[in-house]
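Lettering of chains follows the sequences in order, A, B, ..., and the numbering in each one begins at 1. Not measured: the values here are computed from a predicted model.
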Amino acid sequence: MPVKTLPVCIVHRTILHKGVWKDYEELRILTTFNHDHLPMLEYLEYRTIAVNCLYSIERVLAGVGLAVVVGIAAGLGRSMLPPMLKRNRLLKFLLEAPKFPPPIAWIPFVIIWFGIGETSAYAIVFIGAFAPIFTSTYEGAEAVPLALKNCARSMEIRGARLLWKIILPAAMPQIFTGIRVGVGMGWMSVIAAEMISGQSGLGYSIQLNRLNMQYDQMTVDMILIGIIGFLLFETIILLQKKIIPWHESTLS
Amino acid sequence: MIRFEEISHHYPGQEHELLLDTISLTIERGECVGLTGPSGCGKSTLAHIGAGHIRPTGGRVLIEGRDLTAQPSRKVFLIHQEHDLFPWQRVEKQIQFAMTTPDAGRIKELLRLVRLTGYETFFPNQLSGGMKKRLALARALAVNPDLLILDESFSSLDSQLKTELHEDLRRIWRETGTTILMITHDSRELANLAHREIRLTAERPTRIRKGALV
Ligand SMILES: Nc1ncnc2c1ncn2[C@@H]1O[C@H](COP(=O)(O)OP(=O)(O)OP(=O)(O)O)[C@@H](O)[C@H]1O
Ligand SMILES: [Mg+2]
């Protein structure tokens with residue numbers, strides 16, 4: 001059996017053992033396996049796959065992009081609050097608690113607010129990516145060494161300039177950690193959202209193939225989700241090296 | 001003229017024991033004063049109070065007669081004992097950032113002065129420990145403060161470089177008339193640079209040792 005069919009085979013075996021499959025299906029799959037080259041791609045329509053990938057990628061980029069801007073701004077804003085407010089338990093609760101329901105739990109509300117469509121998809125990605133970026137920006141800003149802040153104060157750098165020229169660059173390494181986590185969360189969220197209410201995208205494709213019991217195509221979707229997720233992650237690391245070359249990172 | 005007026009200090013949670021006890025000292029314009037004392041006696045703390053980073057629990061810091069207690073400004077610049085360069089700024093940028101108006105000629109001059117010409121595009125983490133100290137010195141001079149506080153700024157440099165920088169500092173001091181408060185454990189440094197020495201005592205609370213003013 002060619003190596004390429006291995007994941008398909010594993011999926012099918014698991015399902016066969018659970019007895020979910022009908023004999024008909026079993027037969028169809030087993031004949032598929034006997035092809036010598038690219039057996040599992042025979043059924044697939046490349047165009048559909050490519051379009052679905054692009055839809056999902058576009059959604060994750062839009063949602064994460066928005067989450068980066070809003071998350072960093074909100075995190076820095078929070079670090080500028082007077083110490084009394086920072087210590088306020090109620091405020092802390094209001095800021096921290098909403099990030100615990102998973103993005104997927106927000107889907108019904110998001111659909112009520114934005115309807116079914118692209119806006120909802122962006123919103124779900126945004127919800128997934130925002131929390132880690134917001135939290136890591138805030139924590140990064142709080143962790144700026146006192147020596148640096150004192151030095152800046154002695155140069156009479158204050159207010160917006162302090163935030164922009166000192167706090168933001170100093171927090172950048174942590175912000176990037178947040179973005180890396182955020183992209184992963186955003187990517188998982190968009191797939192989940194498409195599975196539940198999508199009209200297109202890889203998550204929708206998985207759901208459709210599941211209903212049609214086309215588990216080989218589903219597996220291709222899963223592999224693509226893995227590959228694209230990995231590439232997104234690598235892109236952020238590349239960006240990090242470009243934007244903060246001074247930061248010694250163990251990532252490569 | 002910089003005056004520390006009856007400065008007392010303890011850190012939060014250490015109310016039972018004063019660290020500094022009514023310390024008064026005056027540094028005249030253009031003077032270079034050495035501040036010595038055993039480790040942990042509160043020298044760096046006093047330096048931070050002078051720079052306005054810490055509000056002392058008692059007393060005032062007067063600069064040219066103005067009360068600038070706990071108000072950091074370009075008038076007093078402290079070169080920290082620990083590393084305080086901005087890690088994201090290249091050597092040249094560090095110096096430029098410290099100036100009120102960028103001056104390419106002056107940046108060049110300062111780099112030459114601390115022997116960092118050729119390292120303009122390096123980040124601090126690409127410099128050696130001694131080079132970082134020299135960059136911090138150049139940056140402090142770019143701020144051009146009335147009072148420059150050096151907290152063991154030369155302590156990890158080799159003796160030849162130290163001597164050279166002492167020469168430079170003396171020259172800078174002569175040219176610019178910058179007032180200097182220099183915290184050090186090095187008697188040679190004191191002999192080379194300081195007009196007088198102020199010694200803090202070891203016993204708590206720390207006081208200026210009687211008769212220590214040379
Ligand atoms: N941020 C702080 N919070 C609480 N205690 C502090 C803090 N900084 C310093 N101390 C305490 O104050 C005392 C004096 O510290 P300081 O750094 O002023 O000493 P120093 O004279 O500069 O010593 P050294 O020569 O070793 O640099 C020490 O006992 C130290 O534990
Ligand atoms: Mg010290």
**Request:** Check whether A/Lys149 gets within reach of chain B through its side chain, its backbone, both or neither, counting any heavy atom under 4.5 Å.
**Result:** neither
**Request:** Look at atom CZ of B/Phe97 and say whether more than 12 heavy atoms of other residues, nucleotides or ligands are closer to it than 6.0 Å.
**Result:** yes
**Item:** Heavy-atom neighbours of A/Lys165 NZ exceed 12 at 6.0 Å
**Value:** no
**Message:** Can you confirm whether A/Lys86 is buried at NZ, in the sense that more than 12 heavy atoms of other residues, nucleotides or ligands lie under 6.0 Å from that atom?
**Reply:** yes
**Request:** Answer yes or no: are there more than 12 heavy-atom neighbours, outside B/Glu64 itself, under 6.0 Å from its atom CD?
**Result:** yes
**Prompt:** Can you name the nearest heavy-atom pair linking B/Ala51 to A/Ser154, along with the distance?
**Reply:** O-OG, 4.3 Å
**Request:** Looking only at non-hydrogen atoms, find the nearest pair between B/Leu85 and A/Leu148 and report the distance.
**Result:** O-CD2, 3.3 Å
**Message:** Is B/His83 close to chain A through its backbone or its side chain, or both, or neither, when contacts mean heavy atoms under 4.5 Å?
**Reply:** backbone
**Asked** Would you find more than 12 non-hydrogen atoms of other residues, nucleotides or ligands less than 6.0 Å from B/Phe123 atom CZ?
**Response** yes
**Request:** Let me see the working for B/Arg139 and A/Met155 under side-chain contact (heavy atoms from CB on, under 4.5 Å), right down to the final yes or no.
**Result:** CA-CA 10 Å; B/Arg139 186 176 68 163; A/Met155 293 179 185; 3.7 Å; yes
**Fill in**
Between A/Arg158 and B/Pro72 the two heavy atoms that sit nearest each other are NH2-O, 3.5 Å
**Item:** Side-chain donor or acceptor of B/Asn125 paired with backbone N/O of A/His247 under 3.5 Å
**Value:** no
**Message:** Is A/Ile244 close to chain B through its backbone or its side chain, or both, or neither, when contacts mean heavy atoms under 4.5 Å?
**Reply:** neither
**Asked** Given that the side chain runs from C-beta out, which part of B/Ile79 has a heavy atom under 4.5 Å from chain A: side chain, backbone, both or neither?
**Response** neither
**Asked** So which part of B/His80 gets closer than 4.5 Å to some heavy atom of chain A, the side chain, the backbone, both or neither?
**Response** side chain
**Asked** Taking atom CE of A/Met222 as the centre, does the number of heavy atoms from other residues, nucleotides or ligands within less than 6.0 Å exceed 12?
**Response** no
**Minimal non-hydrogen separation, B/Pro87 against A/Trp246, with atom names** = O-CB, 3.3 Å
**Pairwise distance CD(A/Glu248) to CD(B/Gln126) - rounded to 0.5 angstrom** = 8.5 Å
**Request:** Against chain B, label A/Ile166 side chain, backbone, both or neither, depending on which of its atoms sit under 4.5 Å from a heavy atom there.
**Result:** both
**Message:** Just checking B/Tyr11: does its OH atom have more than 12 heavy atoms from other residues, nucleotides or ligands closer to it than 6.0 angstrom?
**Reply:** yes
**Asked** Checking A/Pro145 against chain B: side chain, backbone, both or neither under 4.5 Å from a heavy atom?
**Response** neither
